[in-house]
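First up is the structure itself, then whatever we jot down about it.
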Amino acid sequence: PSHDTNAGATLDTQLYVNGSPQPVFKRSNAPSAGTGVINSDAVVVNVPVGVNKVDLLWSTSAGTMSSSSTLRSLLVEDV
């Protein structure tokens with residue numbers, strides 16, 4: 001969860017593969033100040049053969065957010 005200091009602020013997350021944004025964007029709202037926001041999702045992204053870089057970036061629309069816990073799982077399947 002992330003905590004925001006301003007009510008009504010948003011938590012936005014964006015996935016990048018090899019520096020290119022993917023069509024996966026998620027926005028969560030903080031209903032009140034100091035509220036925990038859980039941002040969870042499952043995503044399938046096609047990548048080229050070889051070594052790939054995956055980034056998950058997040059930002060807030062107002063105030064300050066900090067991550068009190070972070071869990072990321074990456075599953076790679078050869079299809």
Side-chain angles (χ1 to χ4, degrees):
S2 297
H3 301 279
D4 190 78
T5 58
N6 292 347
T10 60
L11 168 65
D12 297 334
T13 56
Q14 178 69 54
L15 183 70
Y16 290 79
V17 175
N18 299 324
S20 297
Q22 300 301 299
V24 179
F25 174 82
K26 180 143 186 184
R27 173 166 283 166
S28 302
N29 294 314
S32 61
T35 302
V37 177
I38 297 174
N39 192 348
S40 177
D41 209 344
V43 178
V44 175
V45 178
N46 294 318
V47 296
V49 174
V51 177
N52 296 281
K53 179 182 177 192
V54 177
D55 295 302
L56 178 64
L57 303 180
W58 57 284
S59 66
T60 180
S61 63
T64 304
M65 286 198 177
S66 60
S67 178
S68 59
S69 64
T70 303
L71 174 64
R72 294 185 193 116
S73 297
L74 178 64
L75 172 64
V76 178
E77 295 179 340
D78 193 12
V79 292

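FYI, side chains are in, hydrogens and waters are out, and symmetry mates aren't considered; it's all heavy atoms of this structure.
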Can you see which heavy atom on Gln22 is nearest to which on Gln14, and at what distance?
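Answer, listing the atom of Gln22 first, then Gln14: O-NE2, 2.7 Å.
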Are Leu57 and Tyr16 packed together at the side-chain level, in the sense that at least one heavy-atom pair is separated by less than 4.5 angstrom?
yes
Can you confirm whether Asp55 sits close enough to Leu15 that some side-chain heavy atom of one is under 4.5 Å from a side-chain heavy atom of the other?
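Result no, sub-4.5 Å side-chain heavy-atom pair not found.
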Which distance, rounded to the nearest 0.5 Å, do you find between the OG1 of Thr13 and the NZ of Lys26?
7.0 Å
Name all residues meeting the side chain to side chain contact (heavy atoms under 4.5 Å, CB included) criterion together with Val47; count only those two or more places apart in sequence or in a different chain, and write none if there are none.
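Result, side chain to side chain contact (heavy atoms under 4.5 Å, CB included) vs Val47: Val17, Val45, Asn52.
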